[in-house]
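Nothing here was measured: the structure is a model prediction, and the numbers come from that model. Chain naming here is simple, since letters A, B, ... match the order of the sequence lines and numbering starts at 1 in each.
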There are 2 protein chains.
Amino acid sequence: MGKADIYEVAKAAGVSISTVSRAFTRPDLVSDKTRRKVLDIADKLDFNISRSATALKSGRTNRVALLMNEEITSWFNTQTFAGIESMMHPAGYDISLFQHIDTEQNRREFFTDLPIRRNVDAVFVASFAIDPHETEQLKRLHVPIIGINTPSVDGFDATVSIDDERGMYTATQHLINLGHKHIVYPCSEAALLNSSIDARTRGFIRACQDGEHKHELNWQVLSVPRGPAFADSALSALLALDEFPDAICCQMDMMAIPLVLKLERYGHRTPRDYSIVGFDDSPYADTINLTTMRQDPYAMGRTAAGKALKLIDGKELDTPHEVVEAQLVPRGTDMPFGDVE
Amino acid sequence: MGKADIYEVAKAAGVSISTVSRAFTRPDLVSDKTRRKVLDIADKLDFNISRSATALKSGRTNRVALLMNEEITSWFNTQTFAGIESMMHPAGYDISLFQHIDTEQNRREFFTDLPIRRNVDAVFVASFAIDPHETEQLKRLHVPIIGINTPSVDGFDATVSIDDERGMYTATQHLINLGHKHIVYPCSEAALLNSSIDARTRGFIRACQDGEHKHELNWQVLSVPRGPAFADSALSALLALDEFPDAICCQMDMMAIPLVLKLERYGHRTPRDYSIVGFDDSPYADTINLTTMRQDPYAMGRTAAGKALKLIDGKELDTPHEVVEAQLVPRGTDMPFGDVE
DNA sequence: TTGAAAGCGCTACCAA
DNA sequence: TTGGTAGCGCTTTCAA
């Protein structure tokens with residue numbers, strides 16, 4: 001009872017180990033009666049095919065790597081992970097997670113040692129800037145490399161990305177179209193490592209520059225240090241302004257949500273006193289009725305995983321590189337400038 | 001270049017494959033010069049030890065299973081996962097995730113097929129009720145079984161759990177001590193599968209029953225269907241009450257936070273009009289200044305993983321079963337009954 | 001300190 | 001449909 005190997009099962013079933021193996025992995029090649037008997041005995045003996053042995057024999061690892069910025073606990077990372085997992089797990093793959101590839105030291109270590117070399121069937125790179133040298137290193141793994149929200153498609157076999165720049169352009173334009181004249185973009189500095197954040201800032205700036213041609217516009221990027229208190233820093237910076245803006249455009253909901261809640265304590269209420277839009281449509285955005293740009297990292301994870309599975313199988317991709325658009329979700333934190341509630 | 005096996009490395013380095021192997025896994029058994037040379041050549045040839053082969057040879061899988069209720073995307077599950085990962089990854093283990101072991105069908109499938117049999121070195125069971133038959137099935141895996149927030153320690157080699165019942169007792173008592181007379185406990189039905197929720201409800205009820213002996217008390221459990229709209233259901237149920245309560249005790253922050261935000265739209269403001277306490281100290285609890293019971297699933301994950309690693313190594317645990325207490329985090333949503341802001 | 005060789009548990013080829 | 005068998009890439013005795 002317990003710990004039986006394939007030989008014991010074969011003996012108990014009166015068949016060869018080949019047949020036991022086939023009963024599990026090629027059921028169609030085994031007669032119904034034999035297969036049933038084998039599986040039955042295997043169950044009694046607590047036997048199962050060893051993934052390690054299968055992996056060794058097949059030359060596949062049944063494992064993929066996922067590299068991410070920061071912690072998996074952020075909304076974006078969790079959703080991405082869950083999306084990838086939802087495709088890869090049923091396909092028999094485990095995900096080997098490498099977090100915090102966002103510090104100089106971790107990056108160097110990872111890309112020098114390349115601990116995943118020969119040990120994964122594909123690599124996902126989620127949402128961070130990666131330089132050409134690092135891409136070269138990944139190529140030495142000789143496995144498919146799939147990017148999610150990477151700043152460029154260079155060196156990637158497949159990518160799926162949101163158009164952050166355009167998304168934020170849309171959000172900003174929305175505020176400008178509502179007639180707002182004084183727009184502030186509170187922005188936590190994450191510049192070097194998170195491509196999404198940079199792209200969004202560029203989108204805001206471009207929309208404002210375009211808008212200036214048609215309307216008078218007073219806009220600014222309000223940069224605050226990153227870290228756990230970035231929202232409070234942004235709050236202080238906003239309150240320290242000579243004149244409070246009539247619109248706030250946020251790089252992400254995690255900035256917008258605290259601002260909406262805390263500005264109220266200082267007498268600034270949305271949409272009565274100012275409009276605000278977020279980005280992500282992350283948890284509680286709906287609860288506080290935040291107008292925001294929706295992106296769906298879970299779906300992006302699934303798309304990326306689908307591409308990975310095809311590439312692992314040696315198939316060609318019809319569209320290796322996909323770009324998705326963020327969608328404006330109009331809710332209750334924006335109003336035409338000058339209107340009264 | 002690329003895809004070299006251990007023989008090529010051995011040849012290029014002028015040593016045997018044994019020495020190559022040792023250079024990686026037993027560096028102390030190889031002379032400095034030889035080791036350096038081998039590792040250098042291995043790097044040039046993009047070689048690395050195969051985990052599959054190591055696993056097969058050693059009899060270990062370097063993989064653990066994590067079974068969870070629902071999606072990994074919930075706050076509790078993500079934190080738990082991240083905690084386990086933070087210990088297991090550096091120790092060389094991948095986590096094979098099994099989500100949604102909370103439907104009758106998924107459970108039956110999982111515990112019948114036992115897909116992890118012979119394929120993991122340990123199993124974590126996170127936060128759900130598991131019956132004796134299922135525990136028996138897990139035992140057939142002949143690997144350590146570690147529970148996180150399981151309703152009982154029976155059948156587990158180790159557990160780490162929060163005392164939900166006592167935590168909620170404390171929260172409720174806190175409200176009673178503030179002098180509140182009319183306390184409602186909005187509760188989403190998750191009864192059968194989530195042991196924590198049940199225990200918390202019991203804690204609330206017991207605290208109220210104890211409190212009744214000393215004060216007059218009007219308390220009730222307000223049960224609403226589970227699902228994505230549970231907070232809105234609770235909101236409706238609260239507003240439909242003949243008399244609005246002066247205190248609300250919530251099974252979790254995800255109930256409390258929407259209630260605080262939405263009740264305000266109906267003129268009920270905390271702490272002016274009512275006190276409310278949550279449970280978890282999850283994201284935005286601090287932002288809205290919610291008084292709540294803090295638990296730390298990340299730390300529980302780490303503790304559980306530490307136990308798992310010892311058990312995998314065949315060591316005995318000093319304290320296989322640990323219970324931690326939730327801590328009251330006093331913030332701004334509670335006030336002595338009758339006080340004016 | 002190093003090398004030779006057996007064998008971990010399986011899959012897949014070939015033969016029956 | 002089934003069985004025999006080589007070999008996947010490594011680790012680990014044992015011997016040198």
J.: Rounded to the nearest Å, what distance is computed from the CZ atom of residue Arg26(B) to the C1' atom of nucleotide dC10(D)?
T.: 13 Å
J.: Scan Asp32(B) against the nucleic acid and name what it touches under 4.0 Å (heavy atoms): base, sugar-phosphate only, or nothing.
T.: nothing
J.: If you look at every strand shown and take non-hydrogen atoms under 4.0 Å, does Thr19(B) touch a base, only sugar-phosphate, or nothing?
T.: sugar-phosphate
J.: How many whole angstroms separate atom CG of Asn62(A) from atom P of dC10(C)?
T.: 14 Å
J.: Would you say the ring centers of Phe98(B) and His89(A) fall short of 6.0 Å from each other?
T.: yes
J.: Which nucleotide, dT11(D), dG9(D), dT11(C), lies nearest any side-chain atom of Thr25(A)?
T.: dT11(C)
J.: When you look at Asp157(B) and Lys315(B), which way does the salt bridge (Lys or Arg N to Asp or Glu O under 4.0 Å) test go after all the steps?
T.: CA-CA 12 Å; Asp157(B) 299 295; Lys315(B) 293 182 190 143; over 6 Å; no
J.: Select one nucleotide: of dT12(D), dC10(C), dT11(D), the one nearest the side-chain heavy atoms of Ile17(B).
T.: dT11(D)
J.: Suppose we call two aromatic rings close when their centres sit under 6.0 Å apart. Are Phe81(A) and Tyr298(A) close by that rule?
T.: no
J.: Of the options dG3(C), dT11(D), dC8(C), whose atoms approach the side-chain atoms of Leu56(B) most closely?
T.: dC8(C)
J.: How many Å lie between NZ on Lys33(A) and P on dT1(D), as a whole number?
T.: 13 Å
J.: To the nearest angstrom, how far is Tyr7(A) atom OH from dT5(D) atom P?
T.: 11 Å
J.: If you check every side-chain atom of Ser18(B), which of dT12(D), dT11(C), dC13(C) has the closest atom?
T.: dT12(D)
J.: Establish, yes or no, whether a centroid distance under 6.0 Å links the rings of Phe47(B) and Phe24(B).
T.: yes
J.: So, does Arg118(A) get its side chain near the phosphate of dC8(D), meaning an N or O under 4.0 Å from OP1 or OP2?
T.: no
J.: Contact class for Ser21(B) vs. all strands (heavy atom < 4.0 Å): base, sugar-phosphate, or nothing?
T.: base
J.: Considering only side-chain heavy atoms of Phe47(A), which listed nucleotide, dT13(D), dC10(C), dG9(C), is closest?
T.: dC10(C)
J.: Looking at the side chain of Ala53(A), which of dT12(D), dC10(C), dG9(D) is the nearest nucleotide?
T.: dC10(C)
J.: Tell me: CG of Leu29(A) to P of dA12(C), nearest whole Å?
T.: 10 Å
J.: Please report whether the ring centroid of His133(A) lies less than 6.0 Å from that of Phe111(A).
T.: no
J.: Measure from the side chain of Lys57(A), starting at C-beta and using heavy atoms only, and say which of dC8(C), dA5(C), dT11(C) lies closest.
T.: dT11(C)
J.: Report the distance from atom CG of Asn48(B) to atom P of dC10(D), rounded to the nearest whole Å.
T.: 9 Å
J.: Taking only side-chain N and O atoms of Thr34(B), does any of them lie within less than 4.0 angstrom of OP1 or OP2 on dT2(C)?
T.: yes
J.: Rounded off to whole Å, could you give me the CD-to-P distance for the Glu8(A) and dC10(C) pair?
T.: 11 Å
J.: Of all the heavy-atom pairs spanning Arg118(B) and Asp46(A), show the shortest one and how long it is.
T.: CG-O, 4.0 Å
J.: Does dT11(C) have OP1 or OP2 under 4.0 Å away from a side-chain N or O of Arg51(A)?
T.: no
J.: Any side-chain N or O of Ser16(B) below 4.0 angstrom from OP1/OP2 of dT2(C)?
T.: no
J.: Provide, to the nearest angstrom, the distance between the CG atom belonging to Asp28(B) and the P atom belonging to dT12(D).
T.: 12 Å
J.: Under 4.0 Å from OP1 or OP2 of dC10(D): is there any side-chain N or O of Thr54(B) that close?
T.: no
J.: Taking only side-chain nitrogens and oxygens of Ser31(B), does any of them come within less than 4.0 Å of OP1 or OP2 of dT2(C)?
T.: yes
